[in-house]
Amino acid sequence: MYSILVLHGPNLNLLGQREPGVYGSATLDDINHMLVADAEQFQKEGIPVKVTPFQSNHEGALIDTIQAAMGVHQGIVINPGAYTHTSIAIRDAIAGVAIPTVEVHLSNIHRREAFRQHSYIAPVAIGQISGFGAESYRLGLRAIVAHLQSSAKQ
Ligand code: DQA
């Protein structure tokens, strides 16, 4: 079973009502339900995938959850929200647990304000998906599953 932890950082609980022109109209629940449905579809195709979503506005809670993923989850999909641009601690947690991680963003952070264009997380992630709205999460889930499958073959 590929168990994937899906982490949502600060303010993502407000999705749907928060700056819909930037982040879209899907709520966090919509996104989580979509990912659970995608995991079920993977299972129907014979690829055992389970997703466990978690959102927090608190850096420490996100770090505790990353640490607790050791030995439980095989992959992480994370939208660190604004912590992307500030948190060496979240970056260190991801590096520390050494669980393959895909970074996702609803908006394209590279075409926004200069302060959003740097990610502390990117250097410890397998890759980054940015700019596809809620679809970024689905692409992130596909990317982590493909990565785990190809690692399993080696
Ligand atoms: C975000 C981009 C960040 O810059 C911002 O602080 C967020 C959301 C995104 O998904 O586009 O909270 O991570």
Side-chain angles (χ1 to χ4, degrees), residues 1-13 15 23-24 26 28-43 45 47-112 115-154:
M1 175 67 78
Y2 298 123
S3 179
I4 311 299
L5 176 64
V6 178
L7 284 179
H8 309 278
N11 298 308
L12 294 168
N13 54 315
L15 282 180
Y23 298 117
L28 194 63
D29 269 357
D30 293 338
I31 290 173
N32 288 335
H33 286 134
M34 231 159 53
L35 295 174
V36 168
D38 284 352
E40 282 165 8
Q41 186 56 37
F42 273 121
Q43 287 178 22
E45 292 165 15
I47 307 162
V49 176
K50 189 183 114 190
V51 298
T52 305
F54 177 77
Q55 189 275 333
S56 179
N57 293 326
H58 304 277
E59 190 174 22
L62 293 165
I63 292 165
D64 286 345
T65 306
I66 292 166
Q67 290 186 5
M70 267 191 294
V72 177
H73 301 290
Q74 286 70 54
I76 298 175
V77 173
I78 184 169
N79 181 349
Y83 286 139
T84 306
H85 321 296
T86 63
S87 183
I88 298 169
I90 291 178
R91 172 203 178 114
D92 284 354
I94 292 168
V97 297
I99 297 172
T101 297
V102 173
E103 175 185 352
V104 302
H105 299 283
L106 297 138
S107 63
N108 180 352
I109 59 172
H110 301 287
R111 59 188 288 184
R112 298 187 63 196
F115 66 85
R116 292 188 204 276
Q117 292 175 20
H118 175 260
S119 167
Y120 278 106
I121 310 304
V124 296
I126 300 163
Q128 184 193 71
I129 296 165
S130 182
F132 298 96
E135 199 63 24
S136 290
Y137 282 95
R138 303 183 73 198
L139 294 167
L141 181 62
R142 286 214 159 269
I144 193 70
V145 170
H147 173 84
L148 293 172
Q149 281 183 299
S150 73
S151 316
K153 280 187 198 131
Q154 279 162 20

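Worth saying up front: this structure is predicted, and the values here are computed from it rather than measured.
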[X] side, atom [atom1]; [Y] side, atom [atom2] - distance, nearest 0.5 Å:
X: Ser3; Y: Gln74; atom1: OG; atom2: CD; result: 5.5 Å
X: Leu139; Y: Ile144; atom1: CG; atom2: CD1; result: 13.5 Å
X: Asp29; Y: Gln55; atom1: CG; atom2: CD; result: 10.5 Å
X: Asn79; Y: Gln128; atom1: CG; atom2: CD; result: 10.0 Å
X: His110; Y: His118; atom1: NE2; atom2: NE2; result: 10.5 Å
X: Gln117; Y: Ile109; atom1: CD; atom2: CD1; result: 8.0 Å

Return yes when atom CZ of Phe54 has more than 12 non-hydrogen atoms of other residues, nucleotides or ligands closer than 6.0 Å, and no otherwise.
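Result for CZ/Phe54: enclosed.
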Are there more than 12 heavy atoms of other residues, nucleotides or ligands under 6.0 Å from atom NE2 of His58?
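At most 12 heavy atoms, drawn from other residues, nucleotides or ligands, come within 6.0 Å of this atom.
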With the side chain counted from C-beta on, respond yes when [X] and [Y] share a heavy-atom pair under 4.5 Å apart, and no when they do not.
X: Thr52; Y: Val72; answer: no
X: Asn32; Y: His8; answer: yes
X: Ile99; Y: Ile66; answer: no
X: Tyr120; Y: Ile90; answer: no
X: Leu62; Y: Ile78; answer: no
X: Leu148; Y: Pro100; answer: yes

Salt bridge (Lys or Arg N to Asp or Glu O under 4.0 Å) against Glu135, all qualifying residues, sequence neighbours excluded:
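Arg138.
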Residues Leu106, Ile31; criterion side chain to side chain contact (heavy atoms under 4.5 Å, CB included); working and verdict:
CA-CA 11 Å; Leu106 297 138; Ile31 290 173; 4.2 Å; yes
For [X] and [Y], work out which heavy atoms get closest and say how close.
X: Pro53; Y: Val51; value: CD-O, 3.8 Å
X: Ala95; Y: Val124; value: CB-CG1, 3.9 Å
X: Leu141; Y: Ala39; value: CD2-N, 4.4 Å
X: Ile47; Y: Val145; value: CG2-CG1, 4.0 Å

Any idea how His85 and Phe115 line up, ring-wise: parallel (<30°), tilted (30 to 60°), or perpendicular (>60°)?
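Rings of His85 and Phe115: perpendicular, over 60°.
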Short side-chain to backbone donor-acceptor contact, [X] and [Y], under 3.5 Å:
X: Tyr83; Y: Pro10; answer: no
X: Ser136; Y: His105; answer: yes
X: Gln43; Y: Val49; answer: yes
X: Ser87; Y: Thr84; answer: no

Show your working on side chain to side chain contact (heavy atoms under 4.5 Å, CB included) between Ile94 and Ile121 and close with a plain yes or no.
CA-CA 8 Å; Ile94 292 168; Ile121 310 304; 3.8 Å; yes
Check side-chain contact (heavy atoms from CB on, under 4.5 Å) between Arg112 and all other residues, then give those that pass, not counting sequence neighbours.
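Arg112: side-chain contact (heavy atoms from CB on, under 4.5 Å) contacts with Val22, Tyr23, Ser107, Arg116.
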Can a donor-acceptor pair be found between the side chains of Ser119 and Glu103 at a distance below 3.5 Å?
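Side chains of Ser119 and Glu103: pair found under 3.5 Å.
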Report the C-alpha distance between Val77 and Ile129 in whole Å, list the side-chain angles of each, state the deciding distance to 0.1 Å, and finish with yes or no for side chain to side chain contact (heavy atoms under 4.5 Å, CB included).
CA-CA 10 Å; Val77 173; Ile129 296 165; over 6 Å; no
